[in-house]
Amino acid sequence: MTSQSEELLSLIGTSAPIVSVRQEIDWAARCDTKVLITGESGVGKEIVARLIHAGSRRCDFPLVTVNCAALTETLLETELFGHVRGSFTGAFRDRTGVLEQAHRGTVFMDEVGETTPRMQGMLLRFLETGEIQRVGSERTDTRVNVRVIAATNRNLVEAVAGKRFREDLYYRLNVMQLHLPPLRGRMDDIPALLSHFLAHFAAHYDVANPVVSPDAMGVLTRYQWPGNVRELKNAAERLIVRSRNGRIDVTDLPVEQLRAGPELPSPAAPGHATADALYESLVTSGQSFWSVVYPPFMSRDITRDDLRFVVHKGLEHTAGSYRMLTERFNMPAHDCKRFLDFLRKHDCHVAFQQFRTTQSPAASR
Ligand SMILES: Nc1ncnc2c1ncn2[C@@H]1O[C@H](COP(=O)(O)OP(=O)(O)O)[C@@H](O)[C@H]1O
Ligand SMILES: [Mg+2]
């Protein structure tokens, strides 16, 4: 086994939540029920799904992952169910979908909370019957035996209440629920995770495993890790890549972690280095908001605060006009509503009224 797959399949941590998650993984591996894994992005939902599959009697059959947020509805439909030749332009031959490919194994449906109502209907039908109808086919093509493990970073109970997620599908998926708390809720795990990832990347880049100074360790274990384990893992990789003398001192740490330290700049004057750089590249590169800001936001590489900062900064220039902001962020005018819906959905809509009494857009240019 490579170090990559070993790393993928060990759940590090000894905090109470992780100990109980480990027990739940064992239990889930022994039975064959559907599992819904919940928790913020980067907490380890995918690794948990892999561990359940690896410990189950399906382990000799495939585990196939589908990221429901990454594909449009049409692409997701062919990805899952497959298609028949000629069903759309470019469908030159029949293709099996991942549900068929995972026969006797497991399908991991990541970000299931992002599916459209029509897709939710199709999933429900599949879960009820196990039948697959390929896109463009007139009849049921086959039946498969797959175990479905789904994950989401959304609160699906709220989504059901708000009619954005079908209640019947929610109950189908949620036979067993496994919740992974954010890393800031189990900070005892930070030192073990940190040494695990430092050792992993030191081996990977063929450098000595560095010694972390007590001060640096103090900063890293106090930091809240809004991007959870994924952020910590990325930070460890960066530290290894940059480490020169086999030691990690406070001065080697990235600014995000430093500014979170209590003795360093206060939260009243947050450093918005990332968001500032993002804003600059947005307004100077000519690239659209959807390609500059949206991807790092969805992958949690930037926070909601960063996004609000970018919007705030833009609105200062447009005197509170979202229509002009759409243009400033290099989106076509008809994207204005989509942009606003996106901001509202993620609670990042900034009230425009506060900008109205200040300068006019012309004056602030
Ligand atoms: N407890 C853990 N022990 C070891 N690695 C972990 C742990 N939690 C998360 N990771 C690693 O962190 C990264 C993000 O985890 P992932 O499972 O993809 O998160 P999520 O699916 O919740 O967004 C992955 O590389 C994963 O292997
Ligand atoms: Mg994930």
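Note: hydrogens, waters and symmetry copies are ignored here, and every other heavy atom, side chains too, is used. First listed ligand is number 1; within each ligand, the first listed atom is number 1.
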Mind running salt bridge (Lys or Arg N to Asp or Glu O under 4.0 Å) on Lys233 and Glu237 for me, showing each step along the way?
CA-CA 6 Å; Lys233 182 179 174 183; Glu237 181 166 16; over 6 Å; no
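- Under the 30°/60° scheme for interplanar angles, the aromatic rings of Trp225 and Tyr223 are found to stand perpendicular.
- The distance from ligand 1 to the heavy atoms of Ile12 drops below 4.0 Å at these ligand atoms: 1 (N), 2 (C), 3 (N), 4 (C).
- Within the 4.0 Å heavy-atom criterion, neither part of Asp189 lies near ligand 1.
- With Ala151, Gly39, Gly42 as candidates, the residue nearest to atom 20 (P) of ligand 1 on a non-hydrogen basis is Gly42.
- Assignment of Ser10 to the shell around ligand 1 is supported, since a heavy atom sits closer than 4.0 Å.
- By the 4.0 Å heavy-atom criterion, Ser41 is counted among the residues contacting ligand 1.
- Between Ile18 and ligand 1, no pair of N/O atoms sits closer than 3.5 Å.
- No N or O atom of Arg186 sits closer than 3.5 Å to an N or O atom of ligand 1.
- Contact between Ile37 and ligand 1 is absent, with no heavy atom of the residue lying under 4.0 Å from the ligand.
- No side-chain donor-acceptor contact under 3.5 Å links Asn330 and Trp290.
- Applying the side-chain hydrogen bond (donor to acceptor under 3.5 Å, both in side chains) test to every pair with at least one member in residues 52-67, sequence neighbours left out, gives these pairs: Asp32-Arg58, His53-Thr106, Arg58-Asn145.
- Atoms of ligand 1 lying under 4.0 Å from at least one heavy atom of Lys233, given by number and element, are 25 (O).
- Ligand 1 has no N or O atom lying under 3.5 Å from any N or O atom of Asp110, backbone or side chain.
- Each of Glu73, Glu77, Arg164 was evaluated against Thr116; a single residue qualifies, Glu73, per the side chain to side chain donor-acceptor pair (under 3.5 Å) test.
- The distance between the ring centers of Tyr279 and Phe289 does not fall below 6.0 angstrom.
- With atom 27 (O) of ligand 1 as the reference point, the heavy atom nearest to it among Ile47, Thr152, Val43, Leu11 is part of Ile47.
- Of the inter-residue distances, the one linking Thr318 atom OG1 with Phe352 atom CZ reads 11.0 Å to the nearest 0.5 angstrom.
- Proximity of Phe108 to ligand 1, defined as any heavy-atom pair under 4.0 Å, is not found for any part of the residue.
- Under 3.5 Å, the side chains of Ser213 and Asp215 contain no donor-acceptor pair of N or O atoms.
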